Amino acid sequence: MRMSQMFGKTLRDDPSDADTAGHRLLIRAGLVAQVAAGVYSYLPMALRSMRKIENIIREEMNAAGAQEVLMPVIQPVELWRQSGREEAFGPTLLHLNDRRERQMVLAPTHEEAVTDLARRHVRSYRDLPINLYQIQTKLRDEARPRAGLIRVREFHMKDAYSFDTDQDGLDVAYDKMVQAYWNIFRRSGLDVVAVEADSGAMGGSDSQEYMLLADTGEDELVNCPACGYAANVERARSRYAPAPDTGEPNDIEIIDTPNMTTIAELAEFLSIEESQTLKAVFYVHDGEFIFVAIRGDLDVNEVKLANALGGGELRLASDEEVKAAGIVAGSASPVGIDNVRKLGDLSATQGANYVAGANDAQKHFRNVNHGRDFQLDDVIDIAKAEEGHGCPRCDEGTLNFSRGIEVGHVFKLGTKFSEAFSANYVTQDGEEKPMFMGCYGIGVGRLLGAAIESRHDDEGIIFPASIAPYDIHLVSLNPGDEEIASAADEVYNSLTSAGLEVLFDDRDESAGIKFSDADLLGMPLRVTVSRRSMRDGRNAELKLRSRDRDSATIVPIVNAVQEARGLLNELSGAN
RNA sequence: CGGGGCGUAGCGCAGUUUGGCAGCGCGCCGCGUUCGGGACGCGGAGGUCCCCGGUUCAAAUCCGGGCGCCCCGACCA
């Protein structure tokens with residue numbers, strides 16, 4: 001491609017409304033153009049990169065035995081009512097009416113469509129297992145699009161869906177997809193890690209997310225350097241120090257704690273550890289007031305809590321609601337409050353002789369013990385993993401915290417959708433049973449955005465070779481010089497006819513502009529033909545984007561193809 | 001959805017406080033010089049000052065309403 005002909009220009013200045021480095025580079029390099037909040041046009045270079053990502057995905061999906069299909073973006077709302085997800089998605093689901101006033105939706109994902117498809121075509125266990133995938137547009141009216149391609153409202157996703165006769169079959173299908181995912185991320189040249197994930201509104205059992213580590217990532221992750229345990233904080237378990245050993249339960253007593261409303265104040269006032277206190281947090285879940293007790297030094301993980309409550313709307317209770325429940329905020333007590341539903345974290349039931357509120361702004365109880373002094377309606381693990389907590393899986397590790405961008409997510413759905421849609425098959429015994437499903441997604445555009453977010457320097461993008469729009473950025477300097485121009489053309493032709501993909505900067509621009517643009521655009525290999533390179537014979541200069549300026553090498557033009565290949569191979573080996 | 005910010009040429013911005021010729025840099029077009037890390041000279045084009053309404057002799061500027069975009073949070077398969 002000759003750059004003089006290419007659509008999409010680089011910008012000299014950073015766009016004012018881009019915050020993250022990746023977003024800035026996407027705009028400055030002329031890869032995308034914003035149309036509305038979270039809605040983008042993809043220009044030629046971005047599209048080339050996305051096509052390469054898609055092809056890697058396609059090859060790995062096909063190799064894993066999945067078959068490509070294409071399902072509609074526009075779907076009758078009835079499908080979504082049947083699964084119950086019209087409500088679950090809420091305003092994120094885009095609705096529209098067709099000319100006959102039939103209610104339609106624009107699909108944010110395709111579990112409904114694919115389950116409907118499978119139930120029409122699968123009759124018998126002989127038709128299973130199958131795995132269907134597509135690479136296709138999704139629409140989600142996100143409340144807050146952000147960071148360029150990281151969270152958008154219209155995007156391309158590869159989504160695959162497996163159908164099996166039973167849980168064992170699902171486990172096999174899931175493991176195959178997991179393996180395919182590792183292949184995809186390895187081939188794309190990106191450092192992706194897998195973490196245990198919350199399965200959210202998708203439901204189902206096992207779920208893993210694939211995360212590209214980046215400080216600007218939306219997700220907080222923990223990992224154990226000792227045993228490799230890794231999880232999204234939403235889901236993470238952790239091991240924390242037990243409360244101080246206070247021996248056998250002592251008699252409960254009431255003590256004065258004038259105007260102590262926070263755990264920190266209380267612990268200091270009494271000269272005890274925060275872990276020797278119990279605190280209470282109040283939520284409203286689908287309209288019901290919920291009292292949650294947890295050890296004073298821990299925090300509630302709201303995602304875990306919401307899951308324990310079986311989904312639905314969960315929010316912190318307002319001051320008025322707390323008061324209306326007859327509770328004194330800041331000194332709330334699990335003791336003697338029996339008119340509301342009381343939940344507790346595991347920590348509240350371990351240890352003894354806690355200090356807890358007395359439901360009086362001036363007083364607390366000492367020596368409060370679970371079972372004797374208060375009961376809980378449910379005891380669950382809802383503590384949030386914190387800095388300093390130990391690994392829940394091994395005894396050695398302390399959890400590390402980092403941030404990441406979710407680029408893939410796999411779920412074991414089980415029979416959630418197949419039961420809702422009566423997507424059944426007939427067993428060998430002639431019995432009708434629901435299919436076991438799994439679903440597996442990768443955001444193509446997000447992967448591109450995340451790649452740029454994680455692979456750049458001050459000058460610009462550093463594309464992994466396998467997903468770079470072009471292999472080579474050929475720069476011709478002194479284009480007014482006949483000899484140089486024809487040598488550059490010759491290099492362009494020989495590289496191109498050797499099957500290499502070349503972006504040829506044939507513009508009449510200064511060396512500074514051309515080199516800066518080459519750095520900004522980030523192709524893996526830069527080849528320069530100029531008076532200087534031709535000074536001692538017909539030579540070209542080769543330089544890898546990921547290396548320093550002085551690492552450039554001069555090679556004879558007749559060897560350019562071979563030398564370029566060598567450097568590119570070296571690079572993909574290093575990926 | 002709550003909080004904050006912004007909207008003036010393709011991009012980045014000044015001008016708004018105190019109403020009075022719509023400006024600067026980059027980019028773009030033409031000519032010439034220059035030519036390995038964002039060169040220079042001369043000439044030129046480019047505007048619904050987000051939209052609607054109001055006040056005023058006069059509105060980018062003041063008032064009312066609306067829309068859009070960005071950031072923080074809530075939400076997020």
Side-chain angles (χ1 to χ4, degrees), chain A residues 8-20 23-24 27-28 30 33-39 80 83 85 88-93 107-112 138-148 150-153 155 157 159 161 197-204 207 209 216 218-219 232 234 302-303 306 311 313-316 318 405-406 408-411 413 416-417 439-443 446 458-460 475-481 484 505 507-520 526 528-535 540-541 543 549-550 552 554:
Chain A
K9 287 202 187 323
T10 58
L11 298 179
R12 194 161 192 152
D13 296 312
D14 278 338
S16 66
D17 55 5
D19 52 328
T20 65
H23 189 191
R24 272 200 305 278
I27 306 280
R28 265 194 66 203
Q34 187 171 13
V35 175
V39 180
W80 291 78
S83 66
R85 289 209 301 179
F89 266 89
T92 301
L93 184 63
T109 174
H110 280 70
E111 283 77 16
E112 282 76 3
K138 310 289 178 209
L139 291 136
R140 294 181 192 179
D141 195 2
E142 295 284 353
R144 184 148 105 79
R146 72 182 106 191
I150 300 304
R151 180 162 294 279
V152 292
R153 297 194 293 173
F155 58 99
M157 180 166 119
D159 45 326
Y161 306 89
D198 174 57
S199 53
M202 295 296 279
S207 170
E209 286 169 331
T216 52
E218 293 185 297
D219 290 280
N232 193 313
E234 293 177 347
E302 294 188 7
V303 173
E313 194 209 357
L314 181 72
R315 60 174 172 81
L316 280 170
S318 66
I405 300 167
E406 179 190 348
H409 201 160
V410 296
F411 300 85
L413 294 174
K416 174 183 159 124
F417 288 92
C439 73
Y440 318 90
I442 295 178
R446 185 184 276 189
D458 291 345
E459 317 301 325
V475 174
S476 154
L477 299 182
N478 329 103
D481 184 323
I484 306 297
D505 191 348
R507 299 173 302 169
D508 185 13
E509 293 288 357
S510 72
I513 287 180
K514 290 191 170 194
F515 287 147
S516 297
D517 275 350
D519 288 340
L520 174 60
R526 189 182 79 193
T528 308
V529 176
S530 67
R531 279 206 190 108
R532 186 192 285 185
S533 79
M534 301 270 286
R535 202 170 41 201
E541 178 199 81
K543 178 200 163 294
R549 279 181 202 179
D550 52 16
I554 302 283

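Note that this is a predicted model, so its numbers are computed, not measured. First the proteins, then the strands, lettered A, B, ... as listed; each starts at 1.
In this structure, the nucleotide among B:C75, B:G37, B:G36 sitting nearest to the side chain of A:Ser533 is B:G36. Comparing B:G36, B:C70, B:C28 by their nearest atom to the side chain of A:Glu509 picks out B:C28. Residue A:Asp19 has its side chain nearest to B:C71 when only B:C76, B:G36, B:C71 are considered.
The side chain to side chain donor-acceptor pair (under 3.5 Å) check on A:Arg532 picks up nothing, with sequence neighbours excluded. Applying the side chain to side chain contact (heavy atoms under 4.5 Å, CB included) criterion to A:Glu142, with sequence neighbours excluded, gives A:Arg140, A:Arg151, A:Arg153. Residues passing the side chain to side chain donor-acceptor pair (under 3.5 Å) test with A:Glu209 are A:Asn232, sequence neighbours excluded. Legend: residues meeting side chain to side chain donor-acceptor pair (under 3.5 Å) with A:Asp505, ordered by chain and number and at least two apart, are A:Arg507.
Residue contacts shown for A:Thr92 are absent, as no nucleic acid heavy atom lies under 4.0 Å away. Heavy atoms of A:Ala18 sit nowhere under 4.0 angstrom from any nucleic acid atom. Counting any heavy atom pair closer than 4.0 Å across all strands shown, A:Ser510 reaches sugar-phosphate atoms only and no base atom. Using a 4.0 Å heavy-atom cutoff across all strands shown, A:Phe155 reaches at least one base atom of the nucleic acid.
Both tests pass for A:Arg526 against the ring of A:Phe515: distance under 6.0 Å to the centre and angle within 45° of the axis.
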Protein-nucleotides 44-52 of chain B N/O pairs under 3.5 Å:
none

Show me the protein contacts with nucleotides 9-15 of chain B, counting only N or O atoms at under 3.5 Å.
{"unit_1": "B:G12", "atom_1": "OP1", "unit_2": "A:Ser16", "atom_2": "N", "d": "3.0"}
{"unit_1": "B:G12", "atom_1": "OP1", "unit_2": "A:Ser16", "atom_2": "OG", "d": "3.2"}
{"unit_1": "B:C13", "atom_1": "OP2", "unit_2": "A:Ser16", "atom_2": "OG", "d": "3.1"}

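Pair check for B:G25 finds B:C11; Watson-Crick or G-U wobble, both atom distances under 3.5 Å. Under the Watson-Crick and G-U wobble criteria, each requiring two contacts below 3.5 Å, nucleotide B:C42 is paired to B:G30. Pair assignment for B:G2 gives B:C72, based on Watson-Crick or G-U wobble hydrogen-bonding distances that are each under 3.5 Å.
B:G36 atom C1' lies 8 Å from atom CG of A:Asn478, rounded to whole Å. Atom-to-atom, CZ of A:Phe411 to P of B:C76 comes out at 12 Å; the value is rounded to the nearest Å. Regarding A:Leu520, its CG atom lies at a distance of 18 Å from the P atom of B:G37, rounded to whole Å. We find that CG of A:Asp508 is positioned 13 Å from C1' of B:A39, with the value rounded to whole Å. As rounded to whole Å, 15 Å separates atom C1' of B:G4 from atom CZ of A:Arg146.
A close approach under 4.0 Å does not occur between any side-chain nitrogen or oxygen of A:Ser530 and OP1 or OP2 of B:G36. OP1 or OP2 of B:C70 has at least one side-chain nitrogen or oxygen of A:Gln34 nearer than 4.0 Å. Between A:Arg144 and the phosphate of B:C1, there is no side-chain N or O to OP1/OP2 separation shorter than 4.0 Å.
Taking atom P on both B:C52 and B:C1, the two are 25 Å apart, rounded to the nearest angstrom. Comparing B:G25 with B:G44, their P atoms sit 14 Å apart, to the nearest whole Å. For the P atoms, the distance linking B:G46 with B:U33 amounts to 28 Å, nearest Å.
Rounded to the nearest 0.5 angstrom, A:Gln34 CD and A:Asp17 CG are separated by 6.0 Å.
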- Could you walk me through whether A:Met534 and A:Asp481 pass the side-chain contact (heavy atoms from CB on, under 4.5 Å) check? CA-CA 12 Å; A:Met534 301 270 286; A:Asp481 184 323; over 6 Å; no
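The pair A:Glu218-A:Arg146 meets the salt-bridge criterion, since a charged nitrogen lies less than 4.0 angstrom from a carboxylate oxygen.
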